[in-house]
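Let me begin by presenting the structure, written as structure tokens, before commenting on it.
Keep in mind that the numbers below use all heavy atoms, side chains included, and drop hydrogens, waters and symmetry copies. Here the structure is a predicted model, which means the values were calculated and not measured. Counting starts at 1 for both ligands and their atoms, following the listed order.
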Amino acid sequence: MLSGKKILVGVTGGVAAYKAAEIISRLRKLNAEVHVAMTKSATEFIAPLTLRTLSANPVYVDMFDEPKLWNVEHIALAEHVDLVIVAPATANMLAKMAIGLADDFLSTVLLATRAPIFVAPAMNHAMYLHPATQDNLARLVDRGIQIIGPSTGFQACGTEGIGRMSEAVEIVESLTRFLSGGGSLKGKKALVTAGGTQEPLDPVRYLGNRSSGRMGYAIAQALQEAGAETVLVSAPTDFKTPPGVTRISVQTALEMYDAVLERFSEIDVVVKAAAVADYRPAVQAEQKIKKNGTNRMIELVPNPDILAELGRRKTSQVLIGFAAETENLLANAQDKMHRKNVNLLVANDVTKPGAGFGSPTNIVSFLFPDGRRIDFPQMSKLEVARNLVREIASLLDVETKE
Ligand code: PMT
């Protein structure tokens with residue numbers, strides 16, 4: 001499947017370095033030409049000889065080793081390969097990549113290459129969730145670098161949590177999907193809503209909510225990666241639009257309603273991850289409201305329920321809703337799923353640590369109208385999004401066959 005494809009596997013110094021051997025072996029079985037660059041620390045975890053034998057190519061570690069094939073090896077290798085995967089990618093390597101540091105062979109190739117770069121983070125859960133690591137990952141995503149994993153489970157340091165490197169088979173599947181150019185949603189049109197709507201009270205104040213937009217942006221990225229032509233209707237957020245996604249910026253629930261409804265008839269799948277205000281101020285003051293030392297009442301009027309409206313108008317579209325709950329998660333989510341006529345509802349208890357608003361991770365359950373339910377452990381919002389895309393692909397398949 002990967003005949004003629006040249007892949008550089010970058011290995012950095014974490015205990016998951018042993019999994020690099022399986023990645024290389026799987027890539028070779030798919031007929032890829034595999035090259036390997038290791039950091040010095042990686043060689044403490046796995047011997048270069050092992051990776052040289054599996055890749056059937058020299059392994060690069062030191063900038064100043066005798067050249068193996070080319071004169072300026074880091075540049076020649078950077079230009080030669082079709083794709084780079086760094087697995088495992090330590091917090092240190094992610095930080096170096098984020099600031100463009102090139103102080104060893106691998107980081108220099110990463111700076112010099114124009115090939116697509118994938119990283120598979122692997123580290124202790126506290127290191128993964130640290131704001132510095134999350135900022136670095138966000139910067140890499142902004143630059144078009146694709147993140148695979150990490151997953152949740154037992155960690156080498158003896159704790160449980162998020163930060164385990166994805167399994168070799170999943171990593172190779174992601175690379176194969178990318179290199180063979182075919183996503184599961186190729187030819188499909190998707191629309192995602194993200195962020196929290198803002199309902200103005202006057203020119204300087206609004207009623208809002210805690211949604212950062214991260215969940216919706218991750219879904220837009222995953223849909224685009226899977227080949228769908230993706231439109232992101234976004235309330236104000238700090239995130240950059242994922243590469244290849246078309247963004248339509250809105251502020252209020254009414255603007256979001258118009259932007260979504262206008263496009264709905266041409267869309268195959270809609271994912272409503274946005275936190276939409278259920279009410280808006282009845283009156284928007286033209287000038288800044290002055291304080292006068294007394295109590296004030298704000299009259300609120302209901303906003304339209306966009307998802308419920310889509311549920312009423314739906315023909316062949318696959319409709320995905322979210323439920324952000326603070327109590328009775330499953331009962332409330334099931335009620336929303338039926339009331340809004342969706343094909344799949346993603347339920348998240350937004351009071352749980354590691355889930356909901358603003359967090360880089362989420363803990364969700366997928367509910368289906370036929371009673372099926374899939375519960376997921378804590379995982380990055382991008383992994384939640386990729387799991388959702390897998391379900392969307394099979395729902396679209398079902399819809400098409402009917
Ligand atoms: O953005 P992040 O910081 O990453 O946080 C992610 C998230 C918590 C916002 C996300 O995971 C999530 O749960 N999104 C849905 C939030 C929400 O508004 O839930 P709800 O239970 O109030 O609404 C149910 C569904 O109806 C949602 O799909 C919502 O988009 C939709 N809705 C709600 C009200 C309305 N007027 N119109 C709608 O379309």
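A cation-pi arrangement, defined by a distance under 6.0 Å to the six-membered ring centre and an angle within 45 degrees of its axis, is present between Arg372 and Phe368.
Contact check on Asp142 versus Arg139 returns no salt bridge, with no Lys/Arg side-chain nitrogen under 4.0 Å from an Asp/Glu carboxylate oxygen. Under 4.0 Å is where a charged nitrogen must lie from a carboxylate oxygen, and between Lys40 and Asp104 no such pair does.
No donor-acceptor pair under 3.5 Å is formed between the side chain of Thr43 and the backbone N or O of Ser41.
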If you look at each N/O of ligand 1, which protein N/O atoms lie under 3.5 Å away, and at what distance?
from     : atom 1 : to     : atom 2 : distance (Å)
ligand 1 : 1 (O)  : Ser211 : OG     : 2.6
ligand 1 : 1 (O)  : Ser212 : N      : 3.2
ligand 1 : 1 (O)  : Gly213 : N      : 2.8
ligand 1 : 3 (O)  : Ser212 : N      : 2.8
ligand 1 : 3 (O)  : Ser212 : OG     : 2.6
ligand 1 : 3 (O)  : Gly358 : N      : 2.6
ligand 1 : 4 (O)  : Arg214 : N      : 3.4
ligand 1 : 4 (O)  : Met215 : N      : 2.8
ligand 1 : 4 (O)  : Lys381 : NZ     : 2.7
ligand 1 : 11 (O) : Asn348 : OD1    : 2.6
ligand 1 : 13 (O) : Asn348 : OD1    : 3.3
ligand 1 : 13 (O) : Asn348 : ND2    : 3.0
ligand 1 : 14 (N) : Ala273 : O      : 2.8
ligand 1 : 19 (O) : Ala324 : N      : 3.4
ligand 1 : 21 (O) : Ala324 : N      : 3.2
ligand 1 : 21 (O) : Lys336 : NZ     : 2.4
ligand 1 : 26 (O) : Lys340 : NZ     : 2.9
ligand 1 : 28 (O) : Lys272 : O      : 2.7
ligand 1 : 28 (O) : Phe322 : N      : 3.0
ligand 1 : 28 (O) : Phe322 : O      : 3.3
ligand 1 : 30 (O) : Lys272 : O      : 3.3
ligand 1 : 30 (O) : Lys272 : NZ     : 3.2
ligand 1 : 30 (O) : Ala274 : O      : 2.7
ligand 1 : 36 (N) : Pro304 : O      : 3.1
ligand 1 : 37 (N) : Ile306 : N      : 3.1
ligand 1 : 39 (O) : Lys272 : NZ     : 2.9
ligand 1 : 39 (O) : Ile306 : N      : 3.4
ligand 1 : 39 (O) : Leu307 : N      : 2.9

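In this structure the side chain of Phe366 never reaches within 4.5 angstrom of the side chain of Arg373, judged on heavy atoms.
Within 6.0 Å of CZ in Arg210 there are 12 or fewer heavy atoms belonging to other residues, nucleotides or ligands.
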